[in-house]
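This report concerns only the one structure given below.
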Amino acid sequence: MELPFAENYRIKMVEPIYRSTREEREKWIREADYNLFNLRSEQVYVDLLTDSGTGAMSDQQWAAVMTGDESYAGSSSFFNLKDRVRQIFGFDYFLPVHQGRAAENVLFSVLVKKGNVVPGNSHFDTTKGHIEFRKAKAIDCTINEAFDTTINHPFKGNIDLEKLQLVLDSYPKEQVPMIIVTVTCNTSGGQPVSMENMRQVKQLADIYEIPVVYDSARFAENAWFIKQREEGYADKSIKEIVTEMYSYADGMTMSSKKDGIVNIGGLLAMRRKDWYDEATVYNIMYEGFLTYGGMAGRDMNALAVGLNEATEADYLEARIRQVHYLGNKLIEAGVPVQQPLGGHAVFVDARRFLPAVPKEEYVAQTLAVELYVEGGIRGVEVGTLLADRDPVTHENRYPSTEFLRLAIPRRTYTNNHMDVVAAALINIFERRDSIRHGYLIEHEAPIMRHFTVGLKKID
Ligand code: F0G
């Protein structure tokens with residue numbers, strides 16, 4: 001018999017989690033105004049709210065924590081991390097920051113001006129927020145296939161080159177400070193971008209003399225999909241694939257809380273000295289001195305190790321197999337999910353799951369609350385609540401997809417936990433016809449409302 005696949009690590013430390021009763025959960029979610037962000041973590045059994053900062057560090061990372069250098073200037077931990085960034089991404093200029101959105105804030109302070117347009121593949125909400133905050137516009141050029149969950153395309157994170165060219169033809173180059181490629185593309189379902197697409201985007205960008213910046217939160221998972229799915233890459237190492245990916249970029253921002261496998265941190269890195277020189281001023285103002293930028297020395301040390309571990313094929317195989325283990329169980333039961341399955345999460349298509357719930361009643365949020373009550377599992381709505389209101393008309397914006405995202409933290413849960421998640425969701429799927437109503441908004445903030453919104457159940 002061929003031996004089955006298993007993780008390339010064992011567990012040295014565990015954290016107890018509480019299995020609550022349905023009655024407790026019904027009370028807690030009511031008290032939380034049906035907003036899963038308002039729950040206390042003890043009230044959650046399996047927490048799939050995010051894969052950001054929630055992973056388990058290795059013994060080598062914890063060892064690196066102990067040798068962190070907390071010097072204000074010139075810390076050896078900074079130089080460890082700078083060397084690792086140069087080795088993995090090939091960028092000479094590097095700045096640490098406290099998390100991904102801080103990297104966006106610093107780099108966009110240099111690059112993005114009022115009236116600019118920034119094309120990309122479904123920009124993440126903080127990325128879009130930092131563009132719009134500067135009175136510029138993010139233009140989504142993702143391929144159309146990404147928005148139909150039934151189409152099986154191997155690289156649903158790809159940029160549509162015709163859409164991109166149309167943007168580049170429509171605006172003078174002074175108005176387009178960069179093209180942003182998000183690897184993997186979180187918003188479209190943790191979907192990868194192909195190497196061919198990255199190469200073509202760079203070729204087009206060079207013709208129009210526009211720089212290319214990668215939003216790199218899940219860069220290693222993207223490399224894994226290239227190795228699996230793209231011709232010519234099966235025999236290359238993840239590190240070789242990453243080197244080629246970044247040869248087509250002029251710079252990067254990164255939330256290290258994902259593929260850095262640390263609990264907090266971020267970075268920006270680039271080829272261009274002029275960008276770096278300007279960015280240092282903003283880094284010092286917003287983040288901290290150039291050799292720590294809002295991170296502790298110990299965290300920079302752990303990140304240097306994490307970047308190395310995340311770019312090992314054995315680690316990535318275990319990681320993505322677990323996401324697909326959950327996804328495949330759901331697919332077998334007929335639950336509609338974004339296909340093919342992505343890298344960090346399973347995206348349940350809530351509109352197809354709960355067709356009777358009107359779109360005005362927040363379909364994906366309705367499913368998220370049901371899943372919490374059913375099994376103590378916390379996912380997150382990536383749908384109408386997240387899409388916010390139109391800034392001019394103040395009407396709800398209804399996005400083309402309405403997802404319940406189940407994001408899986410790295411090295412944290414076992415497949416037994418995935419079995420619980422699948423069973424709970426399948427139970428709801430079996431009684432889906434009885435769910436006909438969702439929620440009304442009782443109060444909401446003017447932007448980023450999903451974090452603090454209060455909801456009322458419609459009976
Ligand atoms: N870019 C992408 C693609 C992201 O997914 C995130 C965060 C960020 C930038 C911002 O990074 O949180 O460190 O400031 N995504 C998290 C998530 C929050 O749950 O998907 P950050």
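One-based numbering, in listed order, for ligands and for the atoms of each. For the single chain, residues carry numbers from 1 onward in sequence order.
- By heavy-atom distance, the residue among Met254, Arg405, Lys128 lying nearest atom 17 (C) of ligand 1 is Arg405.
- Residue, atom and distance of the protein heavy atom nearest to atom 8 (C) of ligand 1 are Phe124 CD2, 3.4 Å.
- Within ligand 1, the atoms closer than 4.0 Å to a non-hydrogen atom of Lys257 are 13 (O), numbered from 1 in the order shown.
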Walk me through it: do Thr142 and Ser122 pass the test side chain to side chain donor-acceptor pair (under 3.5 Å)? CA-CA 6 Å; Thr142 315; Ser122 301; 2.8 Å; yes
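- Atom 1 (N) of ligand 1 has Asp215 OD2, 2.8 Å as its closest protein atom, hydrogens excluded (heavy atom only).
- Polar contact check, Gly100 against ligand 1: a nitrogen or oxygen pair lies under 3.5 Å apart.
- Classification of Glu309 and Arg319 as a salt-bridged pair fails, no side-chain N sitting under 4.0 Å from a carboxylate O.
- Residue contact annotation: Glu104 has a non-hydrogen atom under 4.0 Å from ligand 1.
- Note: an N/O pair closer than 3.5 Å links Gln99 and ligand 1 by distance alone.
- A salt bridge links Arg410 with Asp259: the closest approach of a Lys/Arg side-chain nitrogen to an acidic carboxylate oxygen falls below 4.0 angstrom.
- Cation-pi geometry between Lys227 and Tyr233 is not met at under 6.0 angstrom from the ring centre and within 45 degrees of the axis.
- In this pair, Phe133 and His130 present their aromatic rings perpendicular. The plane angle is above 60°, beyond the 30 to 60° band.
- The protein heavy atom nearest to atom 14 (O) of ligand 1 is Arg101 NE, 2.6 Å.
- For the side chain to side chain contact (heavy atoms under 4.5 Å, CB included) with Phe403, the lone residue among Val348, Leu386, Val382 that qualifies is Val382.
- Between Tyr439 and Tyr34, the ring-plane angle classifies as tilted under the 30° and 60° cut-offs.
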Determine whether Leu36 and Val380 satisfy the following criterion, side-chain contact (heavy atoms from CB on, under 4.5 Å), listing intermediate values before the conclusion. CA-CA 8 Å; Leu36 292 130; Val380 74; over 6 Å; no
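- For atom 10 (C) of ligand 1, the nearest non-hydrogen atom of the protein is Thr126 OG1, 3.5 Å.
- Among protein heavy atoms, atom 15 (N) of ligand 1 sits closest to Lys258 NZ, 3.0 Å.
- With respect to the salt-bridge test (charged N to carboxylate O, under 4.0 angstrom), the residues Arg199 and Glu244 qualify.
- In terms of polar-atom proximity, Thr50 is counted as a contact of ligand 1, with an N or O under 3.5 Å from an N or O of the ligand.
- By the criterion of a heavy-atom distance under 4.0 Å, the side chain of Thr182, and not its backbone, is placed next to ligand 1.
- The closest protein non-hydrogen atom to atom 13 (O) of ligand 1 is Ser255 OG, 2.7 Å.
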